[in-house]
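Reckoned from all heavy atoms, side chains included, excluding hydrogens, waters and symmetry mates. One-based numbering along the sequence shown. Computed from a predicted model, the values in this text were never measured in an experiment.
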Amino acid sequence: MTQSISPSILITGATGTIGSELATQLSAKGIPFRALVRSLENAEKLAQLDGAELVVGDLNDPESLVRALDGIERAFLLTNSSEQAETLQMNFVAVAQQAGVKHIVKLSQFAADLHSPVRFLRYHAAVEQKIRESGLSFTFLRPNLFMQALLGFRDPIVNQGKFFATAGDARISAVDIRDIAAVAVEALTMPGHVGKTYDLTGPEALTHQQMAAHFSDILGRPVLYIDVPPAHLRQALLSVGFPEWQADGLIEDYAHYARGEASAVSSAIQEVTGKPARDFKSFVRDYALVFS
Ligand SMILES: NC(=O)c1ccc[n+]([C@@H]2O[C@H](COP(=O)([O-])OP(=O)(O)OC[C@H]3O[C@@H](n4cnc5c(N)ncnc54)[C@H](OP(=O)(O)O)[C@@H]3O)[C@@H](O)[C@H]2O)c1
């Protein structure tokens, strides 16, 4: 049996998709943590978790990071993929280094690469490089497409029985965010993850057509996947308020999926957590009410 390290943990991104699940799982295990939030108003649920201590700050404000990192040994680093993400995350690494943080668990992305045509994959690789050069110990989590990203297609699935993207017929080993958070818990609290880079995928690679078939089977009504030209998807993203940089990044992401570059299946979730990665059918079953 490995012994748990006594943690002194800071989570960034704790109000978001992965961070809130990570906070919930830490709390359920009785592991206290501090969460950096930009506003207490958006963090009411988080504040109610046992073991949660909230600190107000911003990755754009180094002074606030100094306060947030006081006494912290292990930090989870995540922001959304905005045009500022690279700078924000670099700020965090610089302050963490000065504050005496020992270990950073960085939420990166599957196929992160400094030379990728996908801007998200380039910035994640640049932050990984900065962390490697900082001398801090690290674990990099590189998840593939989140299954929960398909919640973004909820309205067309509910209202039209269709969802639209530009994945072609490429297979993608999408991953459930609950499994990503479970790996983050291990990397933050247990020994054995220093210097590791984990590709985090589901147990199978499915086309969007196969995902649609699972929606149809489990929801008991037809759901179709419609492949659209990238320009249509871009327009749709802009029309619902995505900044251009982000919309273009998502188009690049989908082109990377369509080239079949996100189809590899990794066993890291099983190896790190001791439990098999959730499959797509389980995801749809667990979220069936949301899609109904
Ligand atoms: N979606 C996918 O399929 C996918 C796949 C692989 C990897 N990823 C990676 O996953 C990451 C996004 O994870 P997610 O979906 O959990 O994110 P999310 O739900 O969009 O949440 C982003 C979090 O970052 C916080 N944040 C943003 N700017 C900040 C700042 N200046 N200072 C402090 N906190 C800040 C937000 O806080 P507020 O509540 O204050 O806004 C929020 O808690 C990205 O790096 C993306 O590349 C995504």
Test log, rule side chain to side chain donor-acceptor pair (under 3.5 Å), inputs D169 and T207: CA-CA 6 Å; D169 55 5; T207 64; over 6 Å; no
Please tell me whether Y198 and H193 have a donor and an acceptor in their side chains that are separated by less than 3.5 angstrom. yes
Closest approach of A258 to T166 (non-hydrogen atoms, all atoms of both residues): CB-O, 3.6 Å
Pair T273, E186 - check side chain to side chain donor-acceptor pair (under 3.5 Å), show working. CA-CA 7 Å; T273 68; E186 293 297 317; over 6 Å; no
Hey, are D286 and R178 close enough for a salt bridge, meaning a charged N less than 4.0 Å from a carboxylate O? yes
Would you say the side chains of Q209 and D227 form a donor-acceptor pair under 3.5 Å? no
For a quick test of your reading: what N or O donor-acceptor pairs under 3.5 Å do the side chains of residues 39-53 make, sequence neighbours left out?
{"from": "S39", "atom 1": "OG", "to": "E41", "atom 2": "N", "distance (Å)": "3.2"}
{"from": "S39", "atom 1": "OG", "to": "N42", "atom 2": "N", "distance (Å)": "3.4"}
{"from": "E53", "atom 1": "OE2", "to": "R34", "atom 2": "NE", "distance (Å)": "3.0"}

Under 4.0 Å between a side-chain nitrogen and a carboxylate oxygen: does that hold for D248 and R234? yes
Decide, yes or no, whether a salt bridge links D279 with K281 under the criterion of side-chain N to carboxylate O below 4.0 Å. no
Test of ring centre spacing under 6.0 Å for Y287 and F283: yes
R122 side chain vs H115 backbone, donor-acceptor pair below 3.5 Å: no
Using atom types as modelled, flag every donor-acceptor pair under 3.5 Å from a side chain in residues 124-132 to any protein atom, sequence neighbours excluded.
{"from": "H124", "atom 1": "ND1", "to": "K106", "atom 2": "NZ", "distance (Å)": "2.8"}
{"from": "E128", "atom 1": "OE1", "to": "R142", "atom 2": "NH2", "distance (Å)": "2.7"}
{"from": "E128", "atom 1": "OE2", "to": "S108", "atom 2": "OG", "distance (Å)": "2.7"}
{"from": "E128", "atom 1": "OE2", "to": "R142", "atom 2": "NE", "distance (Å)": "3.0"}

In Å, rounded to the nearest 0.5 Å, how long is the span from CG of L237 to CZ of F242? 5.5 Å
Within a strict 4.5 Å, meaning less than it, do heavy atoms of the Y257 and S263 side chains meet? no
Does K102 have any salt bridge (charged side-chain N to carboxylate O under 4.0 Å, His left out) partners at least two apart in sequence or in another chain, and if so, which? E73
